Amino acid sequence: MKAVVYKGPFEVAVEEVDNPRLQHPNDVVVRVTSTAICGSDLHMYEGRTAAEPGIVFGHENLGIVDQVGEGVTTLKQGDRVVMPFNVACGFCKNCSAGFTGYCLTVNPGFAGGAYGYVAMGPWPGGQAEYVRVPYADFNCLKLPEGTANESDFVLLADIFPTGYHGCELAQVSPGESVSVYGGGPVGLMAAYSAMLRGAAKVFVVDRVPERLQKAEEIGAIPIDFTKGSPVDQIKEHMKGEGTDKGVDAVGYQAQAGGAGREEPAAVLNSLIDTVRPTGALGIPGLYVPSDPGGPDEQAKSGRLLVAIGRLFEKGLRLGTGQCNVKRYNRQLRDMIIEGRARPSFVVSHELPLADAPSAYEKFDKRIEGYTKVVLHPGQG
């Protein structure tokens, strides 16, 4: 089958690889109809992780069940399903408590597994024609038959739940004000989720015009950080006060000012200054224990200079960590089905799998309006 294979920094290729096969009675093999490129994929694409050439990318996957293991009880051939990016067993201590992003079974020696991602277990990604899904009864979420809302449903694999997770970590409540740093797909989903949760005022901080325009289109207030301190701009809107809550949807490749200078703790420290005393921060943005491309030796080892004294002084609460998609995907699916949510507004391009190398390059450079790309392996 054809799949997107990592070749080295800034290079992927669509190559022939072995088809997945059933390896356990609880497996299914899914024929992928939609698979998205994630901002997290760009960390590997840019050589900012320990990813080795040969890995098949893709953790945002939707498709049709093609093969069914004899131990699977709730799925049948032909079912349309979307899979959380988290690979999880469903029965370990963490899964039983709802922390499926930290499964203790699927990636021995590490808490958490994912498709097609460095250090996240032996699970090939789904930017391919087929993908194997283990513990399929637990990991597959059934969707309505047909092709309706395909570009909405594929976002249930990661970014829609992850954006919602950022708001859950910050405990966003009706009537509150929220600052979202990062206007990429997850940031836009966090802003959208804040509004779904009843937030009264939502700010989105970024520098890319297309992202800021998308934020404005959904009713958020765009803040261009190249035009001055985002903290000052937000407080001007808030008549001198900070916002009730804040979400970091950027992570460790944050930039400071308009010069494109990388400063890994810039967003964390800006949020500490932006959110009012006794407020809360949600941090779904990715931080890593090792960054080969970090701007200094501390950053390369995942140690950042965060204003912890200011955080303490203001009595701020914070929540961190990757999304436990299973906590949210069923409810968010039903909101899509009932027309209450249309997260696909963030999708800028839908392309055949063959166009993946060009799509990665343009998405990485934030050019030509590339905000979120969905690949369709079945299209030529």
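As the structure is a prediction and not an experimental result, all values here were calculated from the model. What you see below is based on every heavy atom in this structure, not just the backbone, and it leaves out hydrogens, waters and symmetry mates.
- The number of heavy atoms from other shown groups lying within 6.0 Å of CD (Glu241) does not exceed 12.
- Both the sub-6.0 Å distance and the 45° axial angle are satisfied by Arg197 relative to the ring of Tyr164.
- If you take CE on Met238 and NZ on Lys201, they are separated by 6.0 Å, rounding to the nearest 0.5 Å.
- Screening Thr35, Val56, Asn61 for a side-chain contact (heavy atoms from CB on, under 4.5 Å) with Tyr115, the sole residue that qualifies is Asn61.
- Judged by distance alone, the side chains of Thr274 and Tyr181 do bring a donor and an acceptor atom under 3.5 Å apart.
- Under the 3.5 Å distance criterion, with hydrogens and angles disregarded, a donor-acceptor pair is assigned to the side chains of Ser34 and Glu150.
- Checked against a 6.0 Å centroid threshold, the rings of Phe57 and Tyr45 do not count as neighbours.
- A salt bridge links Lys7 with Glu15; the closest basic N to acidic carboxylate O contact falls under 4.0 Å.
- Electrostatic pairing of Glu297 and Arg303 does not count as a salt bridge here, judged by no charged N lying under 4.0 Å from a carboxylate O.
- Below 30°, between 30° and 60°, or above 60°: for Tyr135 and Phe91 the angle between ring planes is above 60°, a perpendicular geometry.
- Asp291 pairs in a side-chain hydrogen bond (donor to acceptor under 3.5 Å, both in side chains) with only one of the listed residues (His43, Arg48, Lys300), which is Arg48.
- Proximity of a side-chain donor or acceptor of Lys326 to a complementary backbone N or O of Cys95 within less than 3.5 Å is not detected.
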